[in-house]
Amino acid sequence: MSEDLIIPSISSSVNKITISDTSKTGFGYNPAVGPSSNEITEDTSSILINKRTISLTPHSSNSILDRNLNKKVNEISLSSLSFLFCEIVNWCHKNSKGIQDLENRLNGLGYQIGQKFLELVKIREGVKYSKRETKIVEILQFIHSSMWKSMFGKIANELEKSQDLNNEYMIIDNLPIVSKFINVPKEYGNLNCSAFIAGIIEGALDSAGFFANVSAHSIPKDDNPLRTVFLIKFDESVILKEELRYT
Amino acid sequence: MSSYYFTIIGTKDAPIYELEFSSFKLSSHQIPGKSQFPPNIKEILPFITHSSLDLIEESQWSNNQYNLGKIDSFYGISINAFITQGNIKFVICYDNNSANSKYDESSIKQFFVEVNDLYVKVLMNPFYSVNDAITSPDFDLKVKLLARKYL
């Protein structure tokens with residue numbers, strides 16, 4: 001429904017303004033017409049009933065929705081992964097203003113991967129048999145074992161709780177695969193390129209409802225010079241919720 | 001024969017996909033699958049869905065299943081919900097005038113599990129990010145096929 005507005009004569013081009021408040025997708029509540037939602041129409045109904053195939057896109061038979069999520073994952077070569085990650089760091093470095101900014105950028109790239117990967121790993125475990133993680137320790141164990149395993153082919157070395165602060169946890173990896181061939185020059189201070197992995201953890205935790213800040217720190221030991229600690233600081237609200245619910 | 005109103009709610013409580021349909025089985029209507037909600041109910045369905053979000057968030061932390069089952073009802077309309085690990089909520093509102101509600105529950109669960117599969121496939125698309133509206137016609141068709149299969 002549209003209405004012509006009466007507009008004082010400004011110019012001929014604007015005197016025909018109509019009210020058209022339709023949403024981008026065409027659905028939603030339009031005050032002039034009422035609710036309009038995505039419905040089954042006569043056409044779709046007959047398509048569904050008669051199982052007529054229709055081609056929606058040129059390669060509809062090959063659409064992402066037809067692929068299998070549980071397909072066995074092929075291992076990829078470490079050198080190509082390292083090369084790709086090297087380029088990622090390089091690109092972030094070129095655009096960044098400083099060490100902190102570079103770490104933030106790497107973190108941001110990992111964040112989106114974490115959000116998506118969490119769902120994928122859960123699906124691969126099988127929705128029917130696995131449980132949703134609702135406690136801090138459980139979700140951390142899930143990231144430490146299942147998720148780490150599907151990302152790096154091994155589980156992380158340690159999972160610890162801070163003794164001083166009750167909202168800090170640590171996941172420790174003796175040899176993070178992405179920074180295996182990265183040597184940080186002295187003038188870059190305490191830059192750790194595993195900030196990318198920290199971003200993945202942060203994305204996964206945030207989208208699971210455990211809001212946290214994750215940062216990567218190198219704490220070398222004699223036999224593991226690349227040992228990295230991922231420090232996880234949970235938001236106060238997460239700790240409070242946990243205390244109220246499960247104690 | 002029941003009518004259904006299915007919505008996917010993002011993490012910011014905004015709907016990212018919705019579909020209105022009715023059971024394809026034993027349909028006597030001339031357009032099988034077209035929803036039969038009366039206009040006054042149809043108008044408030046999004047509100048019913050939205051008001052159930054509080055109850056979903058309540059049981060989200062006390063229940064570690066994906067399928068939360070029937071969580072609310074509103075004047076003869078039942079609301080079932082499913083929540084993924086990434087806090088995406090699937091909500092379905094339906095008028096339960098069918099006698100065997102046990103059967104209904106399990107087929108709705110099946111439907112949710114399969115839609116979850118499709119959702120993750122959409123999520124894997126690098127051009128899609130969490131909380132975007134799902135506008136893919138391919139996804140739409142697949143969900144409708146699932147609706148025909150299970151409900």
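Protein chains get the first letters and strands the later ones, always in sequence-line order, with residue 1 at the start of each.
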(request) Calculate, to the nearest 0.5 Å, the distance between atoms CD1 and CG belonging to I143(A) and L205(A) respectively. (result) 4.0 Å
(message) Please report the interatomic distance NZ(K233(A)) to OG(S215(A)), rounded to the nearest 0.5 Å.
(response) 6.0 Å
(request) Tell me, for F37(B) versus chain A, whether the close heavy atoms (under 4.5 Å) come from the side chain, the backbone, both or neither. (result) neither
(message) Could you check whether E133(A) pairs with K122(A) (Lys NZ or Arg NE/NH1/NH2 to Asp/Glu carboxylate O, under 4.0 Å)?
(response) yes
(message) So for P126(B), is it side chain, backbone, both, or neither that comes closer than 4.5 Å to the heavy atoms of chain A?
(response) backbone
(message) If we define contacts as heavy-atom pairs under 4.5 Å, which of N67(B), I83(B), T11(B) has the most with chain A?
(response) I83(B)
(request) Measure F142(A) against the heavy atoms of chain B and call it side chain, backbone, both or neither at under 4.5 Å. (result) neither
(message) Just so I understand: if I count every heavy-atom pair under 4.5 Å between each of K149(B), M124(B), K144(B), Q85(B) and chain A, which residue has the most?
(response) Q85(B)
(request) Quick one: pull up CZ in R132(A) and CH2 in W61(B) and give me the separation to the nearest 0.5 Å. (result) 7.5 Å
(message) Pairing donors with acceptors under 3.5 angstrom, does anything connect the side chains of S136(B) and D138(B)?
(response) no
(message) Taking side chain as everything from C-beta outward and backbone as N, CA, C, O, which of these in F6(B) sits under 4.5 Å from a heavy atom of chain A? Side chain, backbone, both or neither.
(response) neither
(request) Among D140(B), V113(B), I88(B), single out the residue with the greatest number of heavy-atom pairs under 4.5 Å to chain A. (result) D140(B)
(request) May I ask you to check if K121(B) and F139(B) form a cation-pi contact, with NZ or CZ under 6.0 angstrom from the six-membered ring centre and within 45° of the axis? (result) no
(message) Return the CG to CG distance between L240(A) and L244(A), rounded to the nearest 0.5 Å.
(response) 4.5 Å
(request) Flag the pair Y150(B) / F111(B) as yes when their ring centroid distance falls below 6.0 Å, and as no otherwise. (result) no
(message) I'd like to know which of N87(B), L123(B), N125(B), V122(B) tops the heavy-atom pair count under 4.5 Å against chain A.
(response) L123(B)
(message) With chain B as the partner, which of K241(A), E138(A), Q115(A) has the greatest number of non-hydrogen pairs under 4.5 Å?
(response) K241(A)
(message) Only pairs of heavy atoms separated by less than 4.5 Å count here; which of L45(B), I44(B), T84(B) has the most with chain A?
(response) T84(B)
(request) Let me know if I123(A) has heavy atoms under 4.5 Å from chain B in its side chain, its backbone, both or neither. (result) side chain
